Amino acid sequence: MEWEFNEICIVGLGLIGGSFALNLKLKGFPGKITAVDINPEAVEKGIELKIIDKGSLKYSIVSSADLVVIATPVGVYKNVIENLKPYIKEGTVVTDLGSVKGKLVYTCEELLKGVAPFVGGHPIAGTEKSGVENAVENLFVNAKFVVTPTENTDRDALEKVKNLWRNLGSEVIEMEPFYHDKVFAAVSHLPHVVAYSIVSAIDELSEDLKTNLFDYTGGGFRDFTRIAMSDPVMWRDICIENSENILRSIESFKRAIEEVERLIRAKDKEKLKEFFEKAREKRSLVK
Ligand SMILES: NC(=O)C1=CN([C@@H]2O[C@H](COP(=O)(O)OP(=O)(O)OC[C@H]3O[C@@H](n4cnc5c(N)ncnc54)[C@H](O)[C@@H]3O)[C@@H](O)[C@H]2O)C=CC1
Ligand SMILES: O=C(O)C(=O)Cc1ccc(O)cc1
């Protein structure tokens with residue numbers, strides 16, 4: 001296994017940044033791992049759990065790194081890059097782990113122009129938890145890692161980032177940044193928005209019935225709504241940064257639910273069964 005970086009600095013030591021650091025260690029990364037976070041508890045926990053070697057509340061800690069990995073919510077990227085910029089040394093590569101790419105990748109490239117090459121990345125693995133204390137061993141093994149190069153991407157930096165993720169056990173795939181946002185608006189962002197909405201609907205029904213309906217939930221509710229426990233700031237930022245694609249996915253979802261509504265109202269047993277059969281078949285093909 002070849003490691004092409006000597007010191008990796010993680011900006012935003014939460015669930016994903018922490019899992020990244022933890023799994024670098026587990027795979028035997030021989031270099032130094034540092035982190036910067038605005039939350040002192042994240043830095044303290046990271047050191048205590050031996051997930052990072054050194055941490056700071058100051059962005060100047062990036063000055064000795066040759067790879068900088070942004071793992072904050074996507075809404076603060078611009079601010080984060082402006083803060084990091086004065087400290088990035090020559091030859092350093094900057095990458096990220098955020099759930100939205102598209103325009104954000106071009107913004108990062110532009111902000112870092114003449115300072116460092118930027119490589120957009122997105123691990124397709126995570127949980128509903130947040131914080132470094134919930135870092136997960138082997139989270140990225142056999143998971144997809146999407147890199148989103150543009151016409152401006154430095155090919156050497158791209159190859160180094162891809163190699164790093166292969167070392168973590170991920171299957172690396174390349175996607176055009178705007179296409180990435182359409183794909184993940186459908187398969188990831190829509191399910192999260194719907195899960196939050198289902199919980200909200202049941203809460204409203206609880207008030208109508210003057211009963212806490214959540215006392216009566218079973219496995220189906222649990223399976224369906226685990227992701228409604230995800231971090232609200234992270235998901236607010238994703239919804240704002242990828243709003244157009246998410247709105248298109250919501251439109252499509254509304255058409256589907258209106259179709260079910262229509263079939264139930266019409267008591268159309270045959271069509272209702274067909275609707276469920278078709279969805280069941282599609283779902284059963286998911287690996
Ligand atoms: N949670 C998940 O399952 C996945 C999350 N992602 C992406 O990873 C990124 C991080 O998500 P999580 O680790 O889940 O969130 P998290 O809430 O666990 O961690 C975020 C960390 O960033 C820190 N932070 C916030 N603003 C900062 C700033 N200005 N400077 C430095 N640190 C700052 C917070 O204090 C926190 O420690 C997000 O962009 C998210 O879209 C990607 C794949 C999966
Ligand atoms: O908890 C889950 O099942 C997830 O879907 C986690 C997740 C959240 C955001 C991403 O961009 C990727 C994965």
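A quick note: this is a predicted structure, and the numbers were derived from the prediction, not measured. Read the numbers this way: they start at 1 and go in the same order the structure lists the ligands and their atoms.
In terms of N/O distances under 3.5 Å, ligand 2 is approached by S99. Residue-to-ligand polar distances keep N39 apart from ligand 1: every N/O pair is separated by 3.5 Å or more. Remark: ligand 1 and H122 share no N or O pair separated by less than 3.5 Å (distance only, no angle test). An N or O contact shorter than 3.5 Å is missing between K129 and ligand 1 by distance. Taking distance alone, with nitrogen or oxygen atoms compared against 3.5 Å, L15 approaches ligand 1 more closely than that limit. Residue S188 has no N or O atom closer than 3.5 Å to an N or O atom of ligand 2.
Which parts of ligand 1 touch V74 is read off a 4.0 Å heavy-atom cut-off, strictly below it: atoms 39 (O). Against a heavy-atom cut-off of under 4.0 Å, E128 is close to the following atoms of ligand 2: 1 (O). Every atom of ligand 1 with a heavy atom of G131 under 4.0 Å away is listed here by number and element: 18 (O). Interface atoms of ligand 1 facing P123, defined by a heavy-atom separation under 4.0 Å, are 43 (C). Of all atoms in ligand 1, numbered sequentially from 1 with element shown, those under 4.0 Å from a heavy atom of V80 are 28 (C), 29 (N), 30 (N). Every atom of ligand 2 with a heavy atom of W235 under 4.0 Å away is listed here by number and element: 8 (C), 9 (C). Atoms of ligand 1 lying under 4.0 Å from any heavy atom of S130, numbered from 1 in the order shown and given with element: 16 (P), 17 (O), 18 (O).
Taking a 4.0 Å cut-off on heavy atoms, A125 registers as neighbouring ligand 1.
When the heavy-atom distances from atom 10 (C) of ligand 1 to G14, S188, A71, G98 are ranked, the shortest goes to A71. For atom 3 (O) of ligand 1, the candidate residues are G17, G126, A42; the nearest heavy-atom contact is made by G126. The nearest non-hydrogen atom to atom 29 (N) of ligand 1, considering only W235, Y59, F20, comes from Y59. With atom 14 (O) of ligand 1 as the reference point, the heavy atom nearest to it among M234, E133, E41, E241 is part of M234. When the options T72, L13, I16 are ranked by their closest heavy atom to atom 38 (C) of ligand 1, first place goes to T72. Residue nearest to atom 27 (C) of ligand 1, selected from T127, I124, I38, L139: I38 (by heavy-atom distance).
Proximity of M234 to ligand 2, defined as any heavy-atom pair under 4.0 Å, is confined to the side chain (atoms from C-beta onward).
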- Message: Assess the residue pair S63 and K89 against the criterion (side chain to side chain contact (heavy atoms under 4.5 Å, CB included)); give the C-alpha distance rounded to whole Å, side-chain angles, the decisive distance to 0.1 Å, and a yes or no.
- Response: CA-CA 6 Å; S63 63; K89 71 170 181 185; 5.9 Å; no
- Message: Please determine whether side chain to side chain contact (heavy atoms under 4.5 Å, CB included) holds for the pair F145 and I173, giving the CA-CA distance in whole Å, both sets of side-chain angles, and the decisive distance to 0.1 Å.
- Response: CA-CA 6 Å; F145 181 79; I173 52 178; over 6 Å; no
- Message: Using salt bridge (Lys or Arg N to Asp or Glu O under 4.0 Å), reason through K254 and E251 one step at a time and then give a plain yes or no.
- Response: CA-CA 5 Å; K254 284 203 294 201; E251 285 305 322; 3.6 Å; yes
- Query: Going through the checks in order, is the side-chain hydrogen bond (donor to acceptor under 3.5 Å, both in side chains) test met by H189 and N242?
  - Reply: CA-CA 9 Å; H189 307 169; N242 197 21; 3.2 Å; yes
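Looking at K271 and E259, no side-chain N of the basic residue comes within less than 4.0 Å of a carboxylate O on the acidic one, giving no salt bridge. Taking the charged nitrogens against the carboxylate oxygens, E258 and R255 have no contact shorter than 4.0 Å, which rules out a salt bridge. Salt-bridge check for E277 with K273: passed, with a basic side-chain N closer than 4.0 Å to an acidic carboxylate O. With respect to E82 and K78, no salt bridge is recorded, no charged nitrogen being found less than 4.0 Å from a carboxylate O. Salt bridge absent: D231 and R236 never bring a charged side-chain N and a carboxylate O closer than 4.0 Å.
Ring geometry, F178 versus Y106: the interplanar angle falls under 30°, so the pair is classed parallel (tilted spans 30 to 60°).
Note: H122 and F184 meet the aromatic proximity criterion, with ring centroids under 6.0 Å apart.
Scanning the protein heavy atoms around atom 8 (O) of ligand 1, the nearest turns out to be L97 O, 3.6 Å.
With no hydrogens or angles considered, no side-chain donor-acceptor pair links S230 and E128 at under 3.5 Å.
When distances from atom 41 (O) of ligand 1 to the protein are checked, a heavy atom turns up under 4.0 Å.
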